[in-house]
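In what follows, every heavy atom counts, from backbone to side chain, and hydrogens, waters and symmetry copies are set aside. Here is how names work: the chains are called A, B, and so on, in the same order as the sequence lines, proteins then strands, and each is numbered from 1. These numbers come from a predicted model, not from an experiment.
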There are 2 protein chains.
Amino acid sequence: MVDQITLPATREAELNQALELFHFAFRAFTAKPDQLLETRGLQRVHHRILYFVGRNPDIRVNALLTILGVTKQALHAPLRQLIAMNLVNDTPDANDKRGKCLNLTADGRNLESALSGAQRKKMQLVFEKIGEEGETAWRNVMAQLIEPSKEE
Amino acid sequence: MVDQITLPATREAELNQALELFHFAFRAFTAKPDQLLETRGLQRVHHRILYFVGRNPDIRVNALLTILGVTKQALHAPLRQLIAMNLVNDTPDANDKRGKCLNLTADGRNLESALSGAQRKKMQLVFEKIGEEGETAWRNVMAQLIEPSKEE
DNA sequence: GTAATTTGGTCAACCATATTGACTTTTATC
DNA sequence: GATAAAAGTCAATATGGTTGACCAAATTAC
């Protein structure tokens, strides 16, 4: 039954191990920010918003929706909450008054820094241990996982 | 303001890039199975159940709960669905009739193979391109992300 | 200048995923 | 026989998302 297409059982087991590493690494990676968010009554979705608003000053709502991959209705409630909590700022776009520019407030920057900071710190620690070549390899694998394969 | 603790802005930007790679790689990685699941009227939670039952023949409900990190009430509905669809089998444990042994049926194995197979194939492709050293580095990084740091 | 389009906001209905709490049944164990 | 363990189930609740419909304001096209 073993041919060129079927992977050897041991290789399949190795790949399964890789799947599990991915699964549990992601879970562990989001655990710390989740914990911090909870003390503020916020959820992971708020972190995602804070992160991408932080990285993209003056981002418009529509652009944010595209990055997050959700509908405006899904964004609506948590974004309003962040604005009400004075963590995010929405100022009308000077050029196109229909649009709003989203930015982090000082408080928002502080919270975002605490949330993502925990993740950056962890990544930095691991990258230090693994070395520059290893870091590059990790980045390459992740980047290739994002790109669709030819056959897809 | 820059001292030993504050990361240089460029390093922080690199780490942010790593965070985004992780985020989008995970999203891309689950997209294909999700699509396949949808055609069967199933969700990601069903994939997780099928995967871990597949890797752990005769697993008990309690052990599955621990691995998945959810409550029995959360597992209840999707597991019953999988049993009703004849994808998972629950036979009483011969030694302890209170416990049930969960296993994939032939159909369950087929579906699980299709779901995780897509992910294994993708991983295998990327690992082939990156080479053995790169694969090892990737695994090391992921494994270290799972382990809690000393300060935590 | 008016019509059409774009950007964004909001309401409602709905579904999926999870939680906590309470309770039952069956079977082991002491 | 009492207690504990494994599993099943019901209810209430929260969260995160969807689709659909509709509205208001500003811009663009004609």
Undergrad: Can you identify which nucleotide, out of C:dT7, C:dA18, D:dT18, has its nearest atom closest to the A:Asn62 side chain?
TA: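 Ranking C:dT7, C:dA18, D:dT18 by closest atom to the A:Asn62 side chain puts C:dT7 first.
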Undergrad: Measure the distance from CG on B:Leu37 to C1' on C:dC15 and round it to the nearest whole Å.
TA: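 The answer, rounded to whole Å, is 16 Å.
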Undergrad: Could you tell me which residues satisfy salt bridge (Lys or Arg N to Asp or Glu O under 4.0 Å) with A:Arg98, sequence neighbours excluded, listed by chain and number?
TA: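 Testing A:Arg98 for salt bridge (Lys or Arg N to Asp or Glu O under 4.0 Å), a comparison that skips the adjacent residues, returns A:Asp96.
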Undergrad: Would you mind reading off the distance between B:Leu65 atom CG and D:dT9 atom P, rounded to a whole angstrom?
TA: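 It works out to 14 Å between those atoms.
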Undergrad: What is the distance, rounded to the nearest whole Å, between atom CG of A:Leu64 and atom P of C:dT7?
TA: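 Spelled out: CG on A:Leu64 to P on C:dT7 is 15 Å.
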Undergrad: Can you check the A:Glu38 CD to C:dT20 P distance for me, whole Å?
TA: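 Answer to the nearest Å: 10 Å.
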Undergrad: Can a donor-acceptor pair be found, under 3.5 Å and without considering hydrogens, that links the side chain of A:Thr39 to the backbone of A:Gln35?
TA: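 No; zero donor-acceptor contacts below 3.5 Å.
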Undergrad: Side-chain atoms of residues 102-111 of chain A: list all donor-acceptor pairs with protein atoms under 3.5 Å, sequence neighbours left out, distances to 0.1 Å.
TA:
| residue | atom | partner | partner atom | Å |
| --- | --- | --- | --- | --- |
| A:Asn103 | OD1 | A:Asp58 | N | 2.9 |
| A:Asn103 | ND2 | A:Asp58 | OD1 | 2.7 |
| A:Thr105 | OG1 | A:Asn86 | O | 2.6 |
| A:Thr105 | OG1 | A:Leu87 | O | 3.2 |
| A:Thr105 | OG1 | A:Asp107 | N | 3.4 |
| A:Thr105 | OG1 | A:Gly108 | N | 3.0 |
| A:Arg109 | NH1 | A:Leu104 | O | 3.3 |

Undergrad: Can you tell which of D:dT9, C:dT10, C:dA28 lies closest to the side chain of B:Asp96?
TA: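 Shortest atom-to-atom distance from the side chain points to C:dA28.
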Undergrad: Expressed in angstrom and rounded to an integer, what is the separation of B:Asp93 atom CG from D:dG8 atom P?
TA: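 These atoms are roughly 13 Å apart.
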Undergrad: Please state whether the base of C:dT26 and the side chain of B:Arg98 form at least one donor-acceptor pair under 3.5 Å?
TA: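 No, no donor-acceptor pair under 3.5 Å.
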Undergrad: Which nucleotide in the list C:dA28, C:dA18, D:dG8 gets nearest to the side chain of B:Lys100?
TA: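 Between C:dA28, C:dA18, D:dG8, the one nearest the side chain of B:Lys100 would be D:dG8.
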Undergrad: Please check the phosphate of D:dG8 (OP1 and OP2 only) for any side-chain N or O of B:His76 closer than 4.0 Å.
TA: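 B:His76 to D:dG8 OP1/OP2: no side-chain N or O under 4.0 Å.
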Undergrad: Once you round it to whole Å, what is the distance between P of D:dT18 and CG of A:Leu75?
TA: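 Distance check: A:Leu75 CG to D:dT18 P gives 10 Å.
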Undergrad: Is the phosphate of C:dA18, meaning OP1 or OP2, less than 4.0 Å from a side-chain N or O of B:Arg48?
TA: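 For C:dA18, OP1 or OP2 has a side-chain N or O of B:Arg48 closer than 4.0 Å.
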Undergrad: Report the distance from atom CG of B:Leu68 to atom P of D:dA7, rounded to the nearest whole Å.
TA: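 Atom-to-atom, B:Leu68 to D:dA7, this comes out as 13 Å.
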Undergrad: Between A:Ala94 and A:Val45, which has a closest nucleotide on DNA chain D that is more 5'?
TA: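 The residue whose closest nucleotide sits nearer the 5' end is A:Val45.
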Undergrad: Among C:dG9, D:dG8, D:dG16, find the nucleotide with the atom closest to the side chain of B:Lys72.
TA: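 Closest nucleotide to the B:Lys72 side chain: D:dG8.
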Undergrad: Do any side-chain nitrogens or oxygens of A:Arg44 fall under 4.0 Å of OP1 or OP2 in C:dA18?
TA: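 Answer is no, no contact under 4.0 Å.
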Undergrad: Sub-3.5 Å donor-acceptor pair from the side chain of A:Thr30 to the main-chain atoms of A:Arg27, do we have one?
TA: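 Judged by distance alone, yes, a pair lies under 3.5 Å.
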Undergrad: Is it the case that C:dG21 (base atoms only) and B:Gln73 (side chain only) share a donor and an acceptor within less than 3.5 Å, ignoring hydrogens and angles?
TA: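 Result: at least one qualifying N/O pair found.
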Undergrad: Any side-chain N or O of A:Arg60 under 4.0 Å from OP1/OP2 of C:dT6?
TA: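 No, because none of the side-chain N or O atoms of A:Arg60 sits under 4.0 Å from OP1 or OP2 of C:dT6.
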Undergrad: With respect to the phosphate group of C:dA18, does any side-chain polar atom (N or O) of B:Thr71 fall under 4.0 Å of OP1 or OP2?
TA: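 Result: no.
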Undergrad: Side chains of A:His76 and A:Thr71: any donor to acceptor distance under 3.5 Å?
TA: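 There is no such pair (donor and acceptor under 3.5 Å, judged by atom type) between the side chains of A:Thr71 and A:His76.
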Undergrad: The side chain of A:Lys97 lies closest to which of these nucleotides: D:dA26, C:dT27, C:dG8?
TA: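 That would be D:dA26.
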Undergrad: Expressed as a whole number of angstroms, how long is the span from A:Asp90:CG to C:dT10:P?
TA: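 Distance check: A:Asp90 CG to C:dT10 P gives 10 Å.
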Undergrad: Less than 4.0 angstrom between a side-chain N/O of B:Gln43 and OP1 or OP2 of C:dT17, yes or no?
TA: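 Yes.
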Undergrad: Pick one: which of A:Phe22, A:Phe29, A:Phe24 meets ring-ring contact (aromatic ring centres under 6.0 Å, His included) with B:Phe26?
TA: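 That would be A:Phe22; it is the only one of A:Phe22, A:Phe29, A:Phe24 passing the ring-ring contact (aromatic ring centres under 6.0 Å, His included) with B:Phe26.
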